[in-house]
Amino acid sequence: MTSVRGAWCVVRESLPAGGLALACLLLAPCSSLLAQSPEQRDSLDRLQDSLAQVTDSSALAQLERDQIGLARTRRDDPMLHLRIGLIDLRLASLGRRDGNEDAGSEFQWAADLQPRWPWPWYGLGLAEYGILDSEVAVVAGIQAMFGKDRLTRAAGMFAKSADVDPAFTRGLTELVNTALEQRINLRLAVALEALRRSAGTTAALQPPVLLARGRIEREVGDADSSAAAFRAYLAAGGDPDLGRFELSRTELSAGNLRGAAPYFEAAGAGDSMVDRMVRADLHELVDDSALTELDTLQGAARGRWLAQFWATRDQGDLRRSGERLAEHYRRMWYARRNFRLVSAKRQYRIEERFRSYSRDYDDRGLIYIRHGEPTDRVTVTSQTLPLNLSWRYARPEGDLLFHFVAREDVQDYKLVESVYDILGFDAAVSLRGGAATPTVRDAASDLLQSRERLSPLYGRLLAGGRAGTIGMMDRERMSGRRSIVIGTRSDSYGLRFPSALDDARWEVLAAGEREGSSLVHLTWAVPGKSLRPVASSRGTLYPVRIRFALTEVGTGRIIATVDSTTLFVSNAAVPRGEWLVGRIAVVAPPGRYLWRVAVQEGEAGLVSPPDTVEVGSAAQLGLSDLVLGARNANLRWSRSVADTVFFNPSGGHRADVPLELFFEVLGVPSGEHYRSEIKVSRPGGLGPIGRIFGGGGSAISVRFDEESHGTRNPIQRTLDIARLRPGSYTLEVTAEQGGRRVRRRSVFQVLGAPSP
C-alpha cells in the first residue's frame with residue numbers, strides 16, 4: 001500500500017516549480033460526514049487554480065496514480081475523489097482522451113457520498129462540459145434539441161451545485177457562463193433563479209457573481225437589472241475596465257446612447273479580456289481582413305480606431321453619433337435570441353453557394369447583424385416545400401432581396417441565389433429546361449405568387465411565356481447573387497420615415513471658395529404639394545430637417561456633416577406650384593467625395609442614394625461644377641459684394657427668364673490665355689430621326705477667349721433661353737488651354753411660360 005507520506009515524496013520529486021504548494025493542497029484534512037466546510041472548499045479552489053499552472057502531463061499522471069492508491073484504502077473519502085477528479089480534468093485539458101470521463105466517475109463517486117456538497121456537482125459540470133458532442137452535424141443538432149448536448153448536461157450539474165448551496169460562487173458563475181454559451185434548451189431562467197436565490201448569501205456580493213448576474217439579466221432582456229448588477233460589480237471592486245465595458249454594452253443594446261463614451265474608454269484601456277470581446281463583437285459585422293489594423297493597435301489607439309470606425313458608419317447613414325453602435329448591439333442581442341446555430345458543423349448542398357464564416361449564427365443572423373430589420377418578409381408553408389424565407393431591404397440605391405432555406409436542420413437557414421433554389425438544384429434546373437414535373441411547377445408557382453409583393457419581377461415570371469421566362473429567371477438569379485455579395489460584404493442602418501416626401505429634390509455642387517478653401521454646396525427643394533403646413537399664431541410653419549454627409553472616397557474619412565433643422569414661417573401656405581428651398585455650404589479640400597442627403601419635413605422624408613462629387617484642384621486645368629439658376633429664384637449666394645450666384649435645385653427653368661450660369665476655370669496660371677465654350681443642346685439619343693424632330697444639335701453655342709487672373713477664375717454668364725421649347729436640355733462647358741481640354745455637363749428642364 002502507498003502511504004500518505006509515500007505519495008508526498010513522489011509529488012515533491014516529480015512536480016515542476018510550484019509543485020510544493022500543490023502537494024500541500026493534496027494533504028488537506030480528510031472529510032467528515034458533515035456539510036462541506038469552508039476550509040475544504042478553499043483547498044479545492046486552490047488545488048484547481050494550482051493545477052491550471054501545471055503543464056507536465058507525466059508528472060500529473062504519476063500524481064493521479066498516487067492519489068488513486070490512497071483511494072483504495074479511503075474509498076469513502078469524498079475529498080480524495082474530488083482531488084482525483086480535478087487532476088483528471090487537468091489531464092484532459094492537456095490531451096488525455098478519456099480524462100473527462102475519468103473525472104466524471106470520480107465526481108459522481110463524491111456526489112454519491114456527499115450529495116449535499118456543491119463541489120461534486122460542480123466537478124460533474126466541468127467534466128460534462130469537456131465531453132464533446134457528436135462530430136456529425138445532424139446528430140449534434142438532435143442532441144441539442146433533446147437536451148443531451150454537453151452544454152445542457154453541464155448546465156444541469158452547475159445548477160445542482162447552486163441548488164444545494166446558493167452561496168457556492170463557482171457553481172453560480174459557471175452556470176451562467178454555460179447558459180450564455182448554449183444555443184438551444186437555454187438554461188437562462190435556471191441560472192437567473194439560482195442567482196436570485198443567492199441574493200441573501202455572501203456570494204451575492206462577490207464580484208464574479210455580480211458580473212454573472214449582469215450578463216444573465218441582459219440576456220433575458222432586463223436592461224435595468226443588468227445595469228444595476230454591473231454598477232454593483234464596479235462598486236464591489238470588480239475589474240473597472242471590464243465592468244465599464246459590460247455596462248456600456250447593456251446601455252447600448254437598450255438604445256441608450258450615453259453608453260458610447262464609456263464603451264470607447266473601456267475599449268482603449270488595454271484590458272486583454274475587453275480587447276477579445278471587442279473583436280468578437282465586430283467579427284460578425286466585418287471580416288478578419290478589416291480587423292487587421294485593429295489587431296495591431298493597443299491601448300488608447302484601439303479606442304480611437306473604434307470611435308472612427310463607428311463614426312464613419314453614423315455619418316454615412318446620416319445618423320446621430322452613437323446610433324450605429326447602439327443598433328449593432330441591439331441586433332446582436334436579437335440575433336442571439338433568434339438566429340443562433342444549434343451546431344457549428346454546417347453542411348451545404350450544391351445550390352447553397354454562399355459559405356458563411358460565422359460559427360454562431362445562421363445566414364439570417366449574418367444579414368440581420370449587418371443590415372437590421374428587413375422592410376418586408378415572406379414565407380410559404382407547404383408540405384411540398386422546405387422551410388423558406390425571403391427578406392427585402394428597400395434602399396434608395398436599389399432594393400436587396402435575400403432568399404433563405406432550411407432543410408435538414410430547421411434552425412439553420414442558408415442563403416440561396418434564387419427563389420427557385422428553395423426547391424433544390426435538380427428542380428431549379430428542370431424548371432429552366434422546361435422538364436419540371438407538375439408537382440415542381442405548382443411548388444414554383446406558390447413561391448412566385450408569395451414573392452410578388454417583394455418585386456414586380458415575380459409577377460412577370462408568373463405571367464411570362466417559355467422564351468421570355470428564361471431571361472427573367474437569369475435576371476432574378478443575378479439580382480439574388482448581387483444582393484448576397486452586397487449584403488455579406490457591407491453593413492447599413494438607413495434612415496426610414498413613416499411616409500415619403502414626394503418629389504423632394506437636391507443638388508450637390510462643388511464650386512466657389514471661402515477664404516481660399518473650396519466649397520461644396522447642398523441645395524434642396526420641396527414642392528408645395530408635398531408640404532404639411534403647421535398652423536400657428538406666427539403663421540404657417542414648415543420645420544425642415546436636413547442631414548448631409550461628405551466622406552472621402554477610398555479612405556471613408558469624414559470631411560463634413562450637417563444635421564440642421566430650419567423652421568420656415570410663412571404668412572400663407574406655400575402654393576402647389578411653388579417650392580420651399582434651401583442651401584448649405586461646407587468646406588472641402590480637392591478630392592473625390594461620397595455624399596448622401598436626407599430631407600425631412602414633419603414625419604415625411606426622403607433619402608438620396610449615395611453619389612459622388614469632385615472638388616477640383618487649382619494645380620491643373622479643370623472646371624468646377626456648373627451652377628444653374630435665375631434671378632427670380634429665392635436661392636442665392638453672395639459670393640462677393642458685387643457677385644451673386646443663383647441656384648435652382650428644382651431643376652426646372654422658365655423659358656421667359658434668362659438662365660444664370662456660374663462656374664470656375666481652374667489651374668490656368670495668371671496672365672495666360674484660355675478658351676471656354678458653352679453649348680446648350682437637346683439630348684441626341686434618338687439618332688438622325690431624333691434630330692429631325694428636334695433632338696440633338698446645339699440650341700445655344702458661344703465661345704470666349706479670356707486671360708487668367710489666377711489659378712481660380714470665376715465665370716458668370718447669362719443665357720437667353722426664350723427660344724427653347726419646353727423639354728430636357730444638356731448644358732456643356734468646355735475649357736481649353738495649352739492643348740489640354742476639360743468638360744462639364746449639367747441637365748436641366750425648360751418650362752413653358754406661365755399662363756396669363
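- Between Arg249 and Asp281, at least one side-chain nitrogen of the basic residue sits less than 4.0 Å from a carboxylate oxygen of the acidic one, meeting the salt-bridge criterion.
- Contact check on Asp474 versus Arg481 returns no salt bridge, with no Lys/Arg side-chain nitrogen under 4.0 Å from an Asp/Glu carboxylate oxygen.
- The shortest distance between side-chain heavy atoms of Ser248 and Phe264 does not fall below 4.5 Å.
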Stepwise ring-ring contact (aromatic ring centres under 6.0 Å, His included) check, His328 with Tyr493: CA-CA 9 Å; His328 176 64; Tyr493 185 29; over 10 Å; no
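- For the pair Phe497 and Gln600, the minimum side-chain heavy-atom distance is below 4.5 Å.
- A salt bridge links Lys414 with Asp412: the distance from a Lys NZ or Arg NE/NH1/NH2 to an Asp or Glu carboxylate oxygen falls below 4.0 Å.
- Checked for salt-bridge contact, Glu246 and Arg218 meet the test: a charged N lies under 4.0 Å from a carboxylate O.
- By the 4.5 Å heavy-atom criterion applied to side chains, Leu387 and Val405 are not counted as neighbours.
- At distances below 3.5 Å, not a single donor-acceptor pair connects side-chain atoms of Thr250 with backbone N or O atoms of Ser226.
- Judged purely by atom type and a 3.5 angstrom limit, Arg743 has no side-chain atom pairing as donor or acceptor with the backbone of Glu732.
- Note that Arg477 lies outside the cation-pi zone of Tyr420, set by a 6.0 Å cut-off to the ring centre and a 45° limit from the axis.
- Interatomic distance, CD1 of Ile546 versus CD of Glu601, reported as 10.5 Å (0.5 Å rounding).
- If you check the side chains of Glu476 and Tyr458, you find a donor sitting under 3.5 Å from an acceptor.
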Going through the checks in order, is the side chain to side chain contact (heavy atoms under 4.5 Å, CB included) test met by Leu522 and Val562? CA-CA 10 Å; Leu522 162 65; Val562 173; over 6 Å; no
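- Around atom CZ of Arg592, no more than 12 heavy atoms belonging to other residues, nucleotides or ligands sit under 6.0 Å away.
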Verdict with reasoning, Arg432 to Met473, per side chain to side chain contact (heavy atoms under 4.5 Å, CB included): CA-CA 8 Å; Arg432 180 179 172 81; Met473 289 177 72; 4.0 Å; yes
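- From Leu415, atom CG reaches atom CD1 of Ile367 across 5.0 Å, with rounding to the nearest 0.5 Å.
- Smallest separation of non-hydrogen atoms from Ala266 and Val274: O-CG1, 3.8 Å.
- Put simply, the side chain of Ser483 never gets that close to the backbone of Phe402: no donor and acceptor are under 3.5 Å apart.
- A distance-only check finds a donor-acceptor pair linking the side chain of Asp399 to the backbone of Arg395 [under 3.5 Å].
- At least one donor-acceptor pair under 3.5 Å links the side chain of Arg505 to the backbone N or O of Ser650.
- Side-chain contact check for Tyr263 and Tyr329: at least one donor-acceptor pair (N or O, by modelled atom type) lies under 3.5 Å.
- For the side-chain hydrogen bond (donor to acceptor under 3.5 Å, both in side chains) with Ser492, the lone residue among His371, Arg370, Arg324 that qualifies is His371.
- Looking at heavy atoms from C-beta onward, Ser445 lies in side-chain contact with Leu462 at the 4.5 angstrom threshold.
- Between the Arg319 side chain and the Gly494 main chain, a donor and an acceptor come within less than 3.5 Å of each other.
- A donor-acceptor distance shorter than 3.5 angstrom exists from the side chain of Arg302 to the backbone of Leu294, with no hydrogens or angles considered.
- Ring geometry, Trp391 versus Tyr393: the interplanar angle exceeds 60°, so the pair is classed perpendicular (tilted spans 30 to 60°).
- Using modelled atom types and a 3.5 Å distance limit, the side chains of Asp360 and Ser358 yield no donor-acceptor pair.
- Expressed to the nearest 0.5 Å, how far OG1 of Thr488 lies from CG of Asp363 amounts to 9.0 Å.
- Contact check on Arg453 versus Asp376 returns a salt bridge, with a Lys/Arg side-chain nitrogen under 4.0 Å from an Asp/Glu carboxylate oxygen.
- With respect to Asp317 and Arg547, no salt bridge is recorded, no charged nitrogen being found less than 4.0 Å from a carboxylate O.
- The minimum heavy-atom distance linking Arg331 with Ile369 is given by the pair NH1-O, 3.2 Å.
- When atom types are taken as modelled, the side chain of Arg532 and the backbone of Ser530 share a donor-acceptor pair closer than 3.5 angstrom.
- Using a 3.5 Å distance cut-off with no hydrogens or angles, the side chains of Glu552 and Thr555 do pair a donor with an acceptor.
- Between Val380 and Asn388 the shortest heavy-atom distance is O-ND2, 2.8 Å.
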Would Thr312 and Gln308 count as a side chain to side chain contact (heavy atoms under 4.5 Å, CB included) if you check the C-alpha gap in whole Å, the side-chain angles of each, and the deciding distance to 0.1 Å? CA-CA 6 Å; Thr312 299; Gln308 179 64 33; 3.1 Å; yes
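- Salt bridge annotation for Glu397-Arg596: present, with a cationic side-chain nitrogen under 4.0 angstrom from a carboxylate oxygen.
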Checking Arg359 against Leu341 for the side chain to side chain contact (heavy atoms under 4.5 Å, CB included) test, could you report, in this order, the C-alpha distance in whole Å, the side-chain angles of both residues, the deciding distance, and whether it holds? CA-CA 7 Å; Arg359 295 177 56 84; Leu341 286 169; 5.7 Å; no
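- How far CZ of Arg475 is from OG of Ser455: 10.5 Å, rounded to the nearest 0.5 Å.
- A salt bridge links Arg364 and Asp362; the closest N-O separation between the charged side-chain nitrogens and carboxylate oxygens is under 4.0 Å.
- Scanning both residues, Thr375 and Ala394, for their nearest heavy atoms gives OG1-N, 3.0 Å.
- Ion pairing between Asp314 and Arg320 fails under the 4.0 Å rule for side-chain N and carboxylate O.
- Between Asp563 and Arg545 a salt bridge is recorded (basic side-chain N to carboxylate O distance below 4.0 Å).
- Ser390 approaches Leu454 most closely through the heavy-atom pair CB-CD1, 3.7 Å.
- Ring-plane geometry between Tyr334 and Tyr368 is classed as parallel, the angle between the planes falling under 30 degrees on a 0 to 90 degree scale with a further cut at 60.
- One finds the CG atom of Leu257 at 11.0 Å from the CD atom of Glu327 (value rounded to the nearest 0.5 Å).
- When ring centroids are compared, Phe309 and Trp305 come within the 6.0 Å threshold.
- Under the side chain to side chain contact (heavy atoms under 4.5 Å, CB included) test applied with Leu447, the options Leu461, Val378, Asp442, Leu385 reduce to a single match, Leu385.
- Interatomic distance, CG of Asp426 versus CD of Glu351, reported as 8.5 Å (0.5 Å rounding).
- The two residues Pro386 and Arg407 come nearest to each other via the heavy atoms CG-NH1, 3.5 Å.
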